[in-house]
Amino acid sequence: MPDLATPLIAWYGSNARDLPWRRPGFGAWGTLVSEFMLQQTPVSRVIPHLDAWLSRWPTPAALAADPPAEAVRQWANLGYPRRALWLHRAAVEIRDRHDGVVPREVDELLALTGIGDYTARAVAVFAYGDRHPVVDTNTRRVLARAVEGRSQPGPPAKTDLARMAALLPPVDEEAAILNAATMELGAVICTARTPRCDACPISDRCAWRAAGCPDTGDARRKQARYEGSDRQARGAVLRMLRHADAHAVRLDEVIADWPDARQRDRAIDSLVADGLAEAVEGTLRLPV
DNA sequence: TATGCGTGGCG
DNA sequence: TCGCCAAGCAT
């Protein structure tokens, strides 16, 4: 296998974007919050929300001291509001089990609510500088192309971690940079739709390129239509609750004009089941 | 392993 | 216009 680490690390050194969480001393809490927000939400939308969040809650304990409703409200329109709830729960767990300090061990991070294989290792590597493979969708796409010669990665698998681990340089600092560099390449060069191979530092050793960039098929599952979906209904309910400042909304007034009444009820029920809303005395409100 | 889960920008 | 896409996680 050709050496990918050397050119990627060199490329990253002169091409890395200047992002808030890459500033020296950004802190493990900031890294953790940024990773929660970056789960399925683009960088450009995260940055202003991240600043506001950390100004309001500079520590896990500060967030844990406020009710989850405030976390959901501050989350605003970032999408997937369960992440706000999970981030709040993680803050409580950090306060209660780790003396308010974001843990450094992958196993301890994995035990926190809302943290999986990616986020746990991202925090351990980018906040603490330890040596672990960090595998996100960008990394998987880069490896699928450069190593396997496929146009798109297969579905996520545990073996992804071992494959990335095999590429890591022995020195912690360089391993961390390679993790970041591989993600960065996938984000700005080796993109899903129109890769910029002319600007790629490893195009001369890319298996996909060598094979003539064949379309090997897209293993990604297609996203369900949003218009008219239950998710859209949930979004509308939650938007109303966020804007109902500190007040509960009468149940029969919750998106009362929604075209599908059954879907409206389904949305409310599922939000309650998820803990994103509470039904109290004929009213609906964010979780206190 | 497959599915459900928001929101907005872009080609 | 509309489908695709964006640093995943829990179940």
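Every chain is numbered from 1 and lettered A, B, ... according to where its sequence line falls, protein lines coming before strand lines.
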Quick one: does [X] reach the base of [N] with a side-chain donor-acceptor pair under 3.5 Å?
X: A:Arg231; N: B:dG6; answer: yes
X: A:Glu227; N: C:dC2; answer: no
X: A:Glu184; N: C:dA7; answer: no
X: A:Thr41; N: B:dG6; answer: yes
X: A:Arg221; N: B:dG4; answer: yes

Using a heavy-atom cut-off of under 4.0 Å over every strand shown, decide if [X] touches base, sugar-phosphate, or nothing.
X: A:Ala122; result: nothing
X: A:Arg17; result: base
X: A:Thr137; result: sugar-phosphate
X: A:Asp274; result: nothing
X: A:Arg140; result: nothing
X: A:Leu78; result: base

Choose from [options] the nucleotide whose nearest atom is closest to any side-chain atom of [X].
X: A:Pro81; options: C:dG8, B:dG8, B:dG6; answer: B:dG6
X: A:Trp21; options: B:dG8, C:dG3, C:dA7; answer: C:dA7
X: A:Arg83; options: C:dC9, C:dA6, B:dG6; answer: B:dG6
X: A:Pro42; options: B:dG6, C:dA7, C:dA6; answer: C:dA6
X: A:Tyr80; options: C:dC9, B:dT7, B:dC5; answer: B:dC5
X: A:Gln223; options: C:dA7, B:dT7, C:dC5; answer: C:dC5
X: A:Tyr118; options: B:dC5, C:dA7, C:dC5; answer: C:dA7
X: A:Arg239; options: B:dG8, C:dC4, C:dA7; answer: B:dG8
X: A:Arg225; options: C:dA7, C:dG3, C:dC5; answer: C:dG3
X: A:Arg82; options: C:dG8, B:dC5, C:dA7; answer: B:dC5

* **Separation of the C1' atoms in C:dA7 and B:dA2, to the nearest angstrom** => 22 Å
* To do: Take atom P in B:dG8 and the same atom in C:dC9, then report the distance between them in whole Å.
  => 23 Å
Over how many whole Å does the gap from [X] atom [atom1] to [N] atom [atom2] extend?
X: A:Lys222; N: C:dC4; atom1: NZ; atom2: C1'; answer: 11 Å
X: A:Arg196; N: B:dG11; atom1: CZ; atom2: P; answer: 13 Å
X: A:Met37; N: B:dC5; atom1: CE; atom2: P; answer: 22 Å
X: A:Gln152; N: C:dC4; atom1: CD; atom2: C1'; answer: 11 Å
X: A:Leu276; N: C:dC9; atom1: CG; atom2: P; answer: 18 Å
X: A:Leu271; N: B:dG4; atom1: CG; atom2: C1'; answer: 13 Å
X: A:His88; N: C:dC9; atom1: NE2; atom2: P; answer: 20 Å
X: A:Tyr226; N: C:dT1; atom1: OH; atom2: P; answer: 18 Å

* First of A:Leu38 and A:Gly114 reached from the 5' end of DNA chain C, by closest nucleotide -> A:Leu38
* Hey, which sits more toward the 5' end of DNA chain C by its nearest nucleotide, A:Trp86 or A:Met183? => A:Met183
* Pick from A:Leu284, A:Val72, A:Leu276: which one makes a side chain to side chain contact (heavy atoms under 4.5 Å, CB included) with A:Leu241? -> A:Leu284
* Structure fact -> Of A:Thr194 and A:Ala157, the one whose closest nucleotide on DNA chain B sits nearer the 5' end is A:Ala157
* If you find the nucleotide of DNA chain B closest to A:Ala224 and the one closest to A:Gly235, which residue's nucleotide is nearer the 5' end? -> A:Ala224
* So, are A:Asp260 and A:Arg266 salt-bridged, with charged N and O less than 4.0 Å apart? -> no
* salt_bridge(A:Arg140, A:Glu148) N-O dist < 4.0 Å -> no
Quick one: is [X] getting a side-chain N or O under 4.0 Å of the [N] phosphate, OP1 or OP2?
X: A:Arg45; N: B:dC10; result: no
X: A:Asn77; N: B:dT7; result: no
X: A:Thr113; N: C:dC9; result: no

* Would you indicate whether A:Arg262, at its atom CZ, is surrounded by more than 12 heavy atoms from other residues, nucleotides or ligands within a distance under 6.0 Å? => no
* Whether A:Thr216 side chain and A:Ser151 backbone form a donor-acceptor pair below 3.5 Å -> yes
* To do: Kindly indicate, with the supporting measurements, whether the criterion ring-ring contact (aromatic ring centres under 6.0 Å, His included) is fulfilled by A:Trp75 and A:Trp53.
  => CA-CA 8 Å; A:Trp75 197 258; A:Trp53 190 284; 5.8 Å; yes
* Asked: Could you walk me through whether A:Thr137 and A:Tyr118 pass the side chain to side chain contact (heavy atoms under 4.5 Å, CB included) check?
  -> CA-CA 10 Å; A:Thr137 187; A:Tyr118 166 74; over 6 Å; no
* Worked verdict on A:Arg231 versus A:Tyr80 for side chain to side chain donor-acceptor pair (under 3.5 Å) -> CA-CA 10 Å; A:Arg231 292 159 75 169; A:Tyr80 290 141; 3.0 Å; yes
